[in-house]
Structures are given as structure tokens and as C-alpha cells.
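Only one structure is covered here, and it is reproduced in the block below.
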Amino acid sequence: MEYVLLQKLKYTEKLTAQEKHIVDYIRNNPEVVFNSTAHELAQKTFTSSSTIVRLCKKLGTKGYPDFQLKLALEYQQVPSVFQPHDPPSAEQGNVLAAIDSVPYLYQQALDETRRMLNASVLLRIVNWVKQAGRIDIYGSDMNYYLAQQACTKWNELGISAIAHNSPNMHYLNTINPSASTLSFVISHTGENQSMIDAARILSNKQMNVIAVTGNNLSTLSKHCDETLLAYGYNEQLRLSKMSSMVSVLYIFDILYMSTIHDSY
């Protein structure tokens, strides 16, 4: 019997990052395939059902059911091909899975964020940053710490930047509209009311305001001059926060790198 599918799993090239991640997962956990639907396997690999089906066809099968059947027949004959010499414990397995999954999740967040970027919008915002006398970044909870990191980098370049954990209404209401202050407001959903309030007040003063959000149709975006879209893995809330964090850091680092050359 020729183990065609096993060979393809081991040696197939020209796979996307998502497909390579799925192949690695299957090679390390082949029995999961036999007991999972395409949707369930997609959840386990943090991908999508369409990606699973597309990979199955790329490997020469008609679809996921055909892939399951052929893999089961070959696995029944040579299960040792998939098994490590010293099978890891359950705890070791979780750690090894995390070692493989976290870089993939980071890369997925970066790739998806890059796909959503608009070069002309970025160029306009970079020019605003260069002309700004001060940068304010608003964000609550985790987003506040991301704002702090972004501000620290700009401050090192001599660009005055301050992170705000919540809107200071006295500051917002008394800020001089003629001041060259550029404001970023971070909210993944775009529906955080305190962030919306900050953007609304600044917008009413005819000041440049940029939303960093996962939804360009959100209420926050409607009160901002520009929107930078941040990615978040939507299947699981905890993973969404991790993906969103990487995405927001990536966005601010792009703006930082775009201004660093003018400072040194």
C-alpha cells in the first residue's frame, strides 16, 4: 500500500502559514481528525472550515470526509509514522501545543492586520504625527498599557506623548482647539462609551482623532477622522484579546518606525 497522504503531509511545499500550522497539528494529533468535523478541527487549529477544506483538496482529496477516510486507512497501517518515540504527558502536550500555537496566532494577527491596512490613510496619519506638538492616546484596561508602550517609544524620540486610562473631562473640555494635539482612541469593539465620549468631544473641537478598532462601522469610528483596523481572533474571547494586543502594537510600531527616521 502506498502511503500517499502521509507523504504529502510530511513533504508538501507551497503551503500557507495557516495550512502549515494545520498540517503540523494533524501530524502531532492524527486521531483528532477521525473524531472531529471540519468546523471542530478549525476551532482546534484557530483557523476556519474553508481553510481546512482547501487544504484537504490541496493534499489531493475530494474534501474533508475523503481526507478523514484516507488518513484513517493509512494511519491504521502505519501509526508509528505519527507517534514520537517518547509520547509526552498531558501537561507536556499542552505546553508543546502552546509552543506551536502562539507563534502562529501572532503571525495570523500580523498578517490579518497588514491585509487591512490602507497605505494612503497611514501616510496621512504619519504626517499628522510629524506635525503634532503632542500625542494623546486613550485606552482602557489592556489598551491603556498598549497606549503606554506606544507613548514611551515616541517620548524617546522627543515627541511628547501621553497615555490616558480614561477620559479626563476637564482636560477634554478645556483643551485649546488650536493646539497641535493628535489623539488616538483605542477600543476593539468601538463601542466603549468612555472612549466614544472622548472622541466626540475632540471631534467637536475640530481636532484630528484616529480610532484604533476592530470595527470601522462602530460608533467610535463615526466620531473620528480616520480608522486603523486592528485584528482580533473572534472564535474565543481570550484568544481575541491576545490577537488584538499584537495587532495594536503592530499598528503603533508602524507609525513609530515611520517617524523614527526623521528624528535621528
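Remember, it's a predicted structure, so these values are computed and weren't measured experimentally.
- Val185 and Met116 fall into different hydrophobic clusters, where Ile, Leu, Val, Met, Phe, Trp and Tyr residues are linked whenever their side-chain heavy atoms come under 4.5 Å apart, directly or through other members.
- Considering CG of Leu202 and CG of Asp136, their distance stands at 7.5 Å, rounded to 0.5 Å.
- Taking OG1 from Thr227 and CG from Asn216, the interatomic distance works out to 6.5 Å, rounded to the nearest 0.5 Å.
- A donor-acceptor pair under 3.5 Å is absent between the side-chain atoms of Thr47 and the main chain of Gln43, judged by distance alone.
- Closest approach of Ala42 to Ser49, counting heavy atoms only: CB-N, 3.6 Å.
- Atom CD1 of Ile159 sits about 14.0 Å away from atom CZ of Arg134, to the nearest 0.5 Å.
- When all heavy atoms of Ile52 and Ala38 are compared, the closest pair comes out as CG1-O, 3.9 Å.
- Taking 4.5 Å as the limit, some side-chain heavy atom of Thr174 sits within range of a side-chain heavy atom of His170.
- Residues Leu41 and Tyr64 meet the side-chain proximity criterion, which asks for heavy atoms closer than 4.5 Å.
- Looking at heavy atoms from C-beta onward, Tyr231 lies in side-chain contact with Gln108 at the 4.5 angstrom threshold.
- Without hydrogens or angle criteria, Glu191 side chain to Thr219 main chain gives a donor-acceptor distance under 3.5 Å.
- Taking CD1 of Ile251 as the reference point, atom CG of Leu117 lies at 6.5 Å (rounded to 0.5 Å).
- If you chain together hydrophobic residues whose side chains sit under 4.5 Å apart, Val248 and Ile162 never meet in one group.
- Residues Ile175 and Met207 are in side-chain contact: their nearest non-hydrogen atoms beyond the backbone lie under 4.5 Å apart.
- In the hydrophobic clustering of ILVMFWY residues, with side-chain heavy atoms under 4.5 Å counting as a link, Ile137 and Tyr256 come out together.
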(message) Between Ile210 and Cys224, is the side-chain contact (heavy atoms from CB on, under 4.5 Å) condition met? List the steps.
(response) CA-CA 5 Å; Ile210 301 146; Cys224 295; 5.9 Å; no
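- Looking at Ser166 and Ser194, their side chains never come closer than 4.5 Å, going by heavy atoms from C-beta outward.
- The closest side-chain heavy-atom distance from Leu220 to Asn192 is not below 4.5 Å.
- Distance OG1/Thr16 to CG/Leu55: 8.0 Å, rounded to 0.5 Å.
- Within the structure, ring-ring contact (aromatic ring centres under 6.0 Å, His included) pairs that include any residue of residues 116-142 comprise Tyr138-His164 (at least two apart or interchain).
- Here the side chain of Lys62 pairs no donor or acceptor atom with the backbone of Cys56 at under 3.5 angstrom.
- Counting non-hydrogen atoms of other residues, nucleotides and ligands closer than 6.0 Å to NZ of Lys205 gives a total above 12.
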(request) Start with the C-alpha distance between Leu71 and Ile26, add both sets of side-chain angles, then the distance that settles side-chain contact (heavy atoms from CB on, under 4.5 Å), and finish with yes or no. (result) CA-CA 10 Å; Leu71 184 65; Ile26 292 172; 4.0 Å; yes
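- Ser258 places a side-chain N or O within 3.5 Å of a backbone atom of Ile254 that can act as its donor or acceptor partner.
- Counting only heavy atoms from C-beta outward, the side chains of Gln193 and Ile196 approach each other to under 4.5 Å.
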(request) Just do the side-chain contact (heavy atoms from CB on, under 4.5 Å) check on Leu255 and Ile125 with the steps written out, would you? (result) CA-CA 8 Å; Leu255 297 175; Ile125 293 172; 4.0 Å; yes
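- Considering all non-hydrogen atoms of both residues, Asn165 and Met195 come closest at O-CE, 4.4 Å.
- Distance alone, capped at 3.5 Å, is enough to place a donor-acceptor pair between the His21 side chain and the Thr45 backbone.
- Salt bridge annotation for Asp24-Arg27: absent, with no cationic side-chain nitrogen under 4.0 angstrom from a carboxylate oxygen.
- Interatomic distance, Glu19 CD to Ile22 CD1, rounded to the nearest 0.5 Å: 6.5 Å.
- The hydrophobic clustering, which links ILVMFWY residues whose side-chain heavy atoms are closer than 4.5 Å, places Leu182 and Ile201 apart.
- For Gln131 and Asn127, the side-chain atoms include no donor-acceptor pair closer than 3.5 Å.
- With respect to Asp225 and Arg124, no salt bridge is recorded, no charged nitrogen being found less than 4.0 Å from a carboxylate O.
- The two residues Ala161 and Trp154 have their closest heavy-atom pair at CB-CB, 4.0 Å.
- Between Ile135 and Ala132, the closest heavy-atom pair is CG1-CB, 4.3 Å.
- No side-chain donor from either of Ser160 and Asn155 sits under 3.5 Å from a side-chain acceptor of the other.
- In this structure, the side chain of Thr213 engages the main chain of Ser187 through a donor-acceptor pair within 3.5 Å.
- Within the 3.5 Å criterion, the main-chain N or O of Tyr171 finds a donor-acceptor partner in the side chain of Asn168.
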(request) May I have the step-by-step check of side-chain contact (heavy atoms from CB on, under 4.5 Å) for Arg54 and Thr51, ending in yes or no? (result) CA-CA 5 Å; Arg54 186 167 59 249; Thr51 303; 3.4 Å; yes
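- Side-chain contact of Gln107 with Asp111: a donor-acceptor pair under 3.5 Å is present, judged by distance alone.
- Taking 4.5 Å as the limit, every side-chain heavy atom of Thr61 sits out of range of all side-chain heavy atoms of Lys57.
- Although no hydrogens or angles enter the test, the distance criterion places no donor-acceptor pair under 3.5 Å between the side chain of Ser247 and the main chain of Ser243.
- A distance below 6.0 Å separates the ring centres of Phe184 and Phe252.
- Tyr144 belongs to a hydrophobic cluster whose other members, connected by ILVMFWY side-chain contacts under 4.5 Å either directly or through intermediates, are Tyr145.
- Hydrophobic clustering of Ile, Leu, Val, Met, Phe, Trp and Tyr side chains at less than 4.5 Å, counting indirect connections, unites Leu122 with Leu249.
- Looking at Ser36, its side chain never comes within 3.5 Å of a backbone N or O of Val33 through a donor-acceptor pair.
- For Thr152 (side chain) and Gln148 (main-chain N/O), a donor-acceptor pair under 3.5 Å exists by modelled atom type.
- Classification of Glu112 and Arg115 as a salt-bridged pair holds, one side-chain N sitting under 4.0 Å from a carboxylate O.
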